[in-house]
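One structure is given below, encoded as structure tokens.
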Amino acid sequence: QQQVRQSPQSLTVWEGETAILNCSYEDSTFDYFPWYHQFPGESPALLIAIRPVSNKKEDGRFTIFFNKREKKFSLHIADSQPGDSATYFCAASGASSSFSKLVFGQGTSLSVVP
Amino acid sequence: ETAVFQTPNYHVTQVGNEVSFNCKQTLGHDTMYWYKQDSKKLLKIMFSYNNKQLIVNETVPRRFSPQSSDKAHLNLRIKSVEPEDSAVYLCASSLDREGGTEVFFGKGTRLTVV
């Protein structure tokens with residue numbers, strides 16, 4: 001069962017453009033939605049996260065948009081830079097659950113072309 | 001330095017052998033995990049340990065077993081490796097067992113089964 005779906009699988013944008021990565025989830029008890037990025041040869045690291053109390057979270061060039069009704073959330077990377085090229089994973093977990101379990105999407109490979 | 005440390009970085013072994021991977025975290029976290037990342041970069045949780053208790057055990061083959069001596073250590077043993085076990089195994093930790101907090105990953109152990 002795939003609880004978190006991510007698209008597109010790969011994305012190429014020009015430097016300066018906004019990259020948009022999308023995720024959807026099924027479990028309505030999920031209430032924590034982070035995005036991780038993974039550079040080649042590195043391990044995943046937290047980029048930004050949101051909780052459903054708000055529908056938008058910004059951190060510099062990175063913004064999460066959250067739609068609770070549609071169970072969707074997206075990551076927007078404004079003014080994309082070649083250094084942003086990496087694999088991005090959305091994830092979800094239920095803070096109200098007794099188990100700590102972060103479910104990851106399939107990943108989006110982002111390439112930013114100079 | 002506080003982080004999640006894994007050994008070895010790489011391991012090549014033959015089908016049917018037993019392997020063991022070590023993981024230590026110096027972050028003072030309560031929960032540790034093992035994730036498997038396959039060649040398509042899919043991240044799947046294998047085990048989760050909180051205070052030496054197994055709290056998440058996904059449907060992994062029985063040849064895999066986690067081993068913990070204390071909350072700072074979580075090792076992974078594979079009794080008789082198979083070709084499909086070739087992957088990167090990522091150890092991780094988080095502060096609490098109820099999710100909703102950042103998960104910190106180690107650099108991973110790349111297993112190749114020949």
Side-chain angles (χ1 to χ4, degrees), chain A residues 1-11 21 23 25 27 29-54 57 59 85-111, chain B residues 2-7 9-10 21 23 25 27 29-51 53-60 66 71 74 87-110:
Chain A
Q1 181 185 8
Q2 184 63 42
Q3 293 183 303
V4 179
R5 298 185 184 277
Q6 186 172 350
S7 64
Q9 186 174 355
S10 64
L11 176 65
L21 290 65
C23 272
Y25 62 97
D27 191 336
T29 65
F30 285 154
D31 58 5
Y32 174 69
F33 304 91
W35 283 88
Y36 282 73
H37 58 178
Q38 184 176 25
F39 296 98
E42 301 285 326
S43 54
L46 180 66
L47 177 62
I48 186 172
I50 193 169
R51 298 182 189 274
V53 292
S54 59
K57 176 79 175 287
D59 184 358
S85 297
T87 300
Y88 291 78
F89 295 94
C90 62
S93 70
S96 58
S97 168
S98 61
F99 296 138
S100 180
K101 178 180 171 182
L102 199 60
V103 180
F104 285 90
Q106 303 95 316
T108 295
S109 178
L110 174 67
S111 295
Chain B
T2 55
V4 181
F5 301 97
Q6 290 185 241
T7 58
N9 295 329
Y10 304 93
F21 305 146
C23 179
Q25 57 95 1
L27 297 162
H29 286 167
D30 297 318
T31 307
M32 295 185 70
Y33 315 83
W34 277 102
Y35 282 85
K36 179 181 180 180
Q37 187 167 41
D38 63 21
S39 59
K40 296 182 179 179
K41 298 210 169 196
L42 290 175
L43 275 166
K44 293 186 178 180
I45 189 167
M46 301 180 70
F47 301 104
S48 176
Y49 251 67
N50 176 267
N51 290 329
Q53 287 186 314
L54 183 66
I55 58 174
V56 172
N57 185 349
E58 296 297 311
T59 54
V60 299
K71 72 173 189 178
L74 184 64
V88 176
Y89 292 87
L90 292 163
C91 178
S93 70
S94 67
L95 183 60
D96 65 46
R97 63 179 286 180
E98 295 187 355
T101 58
E102 183 174 357
V103 174
F104 292 81
F105 288 88
K107 293 187 180 299
T109 295
R110 181 177 294 278

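In what follows, chains are A, B, ... by sequence order, proteins preceding strands, each numbered from 1.
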Does any heavy atom of chain B fall under 4.5 Å from the side chain of A/P34, the backbone, both, or neither of them? neither
What is the ring orientation for B/F21 with B/Y89, classed by angle as parallel under 30°, tilted 30 to 60°, or perpendicular over 60°? tilted
Is a donor on one side and an acceptor on the other found under 3.5 Å between the side chain of B/T31 and the backbone of B/N50? no
Measure B/F104 against the heavy atoms of chain A and call it side chain, backbone, both or neither at under 4.5 Å. neither
Quick one: list whatever passes salt bridge (charged side-chain N to carboxylate O under 4.0 Å, His left out) with B/K107, sequence neighbours left out. none
My understanding is that only residues two or more places apart in sequence, or in another chain, count here; which of them pass side-chain contact (heavy atoms from CB on, under 4.5 Å) with A/P52? A/D31, A/F33, A/F66, A/K68
Checking B/L43 against chain A: side chain, backbone, both or neither under 4.5 Å from a heavy atom? both
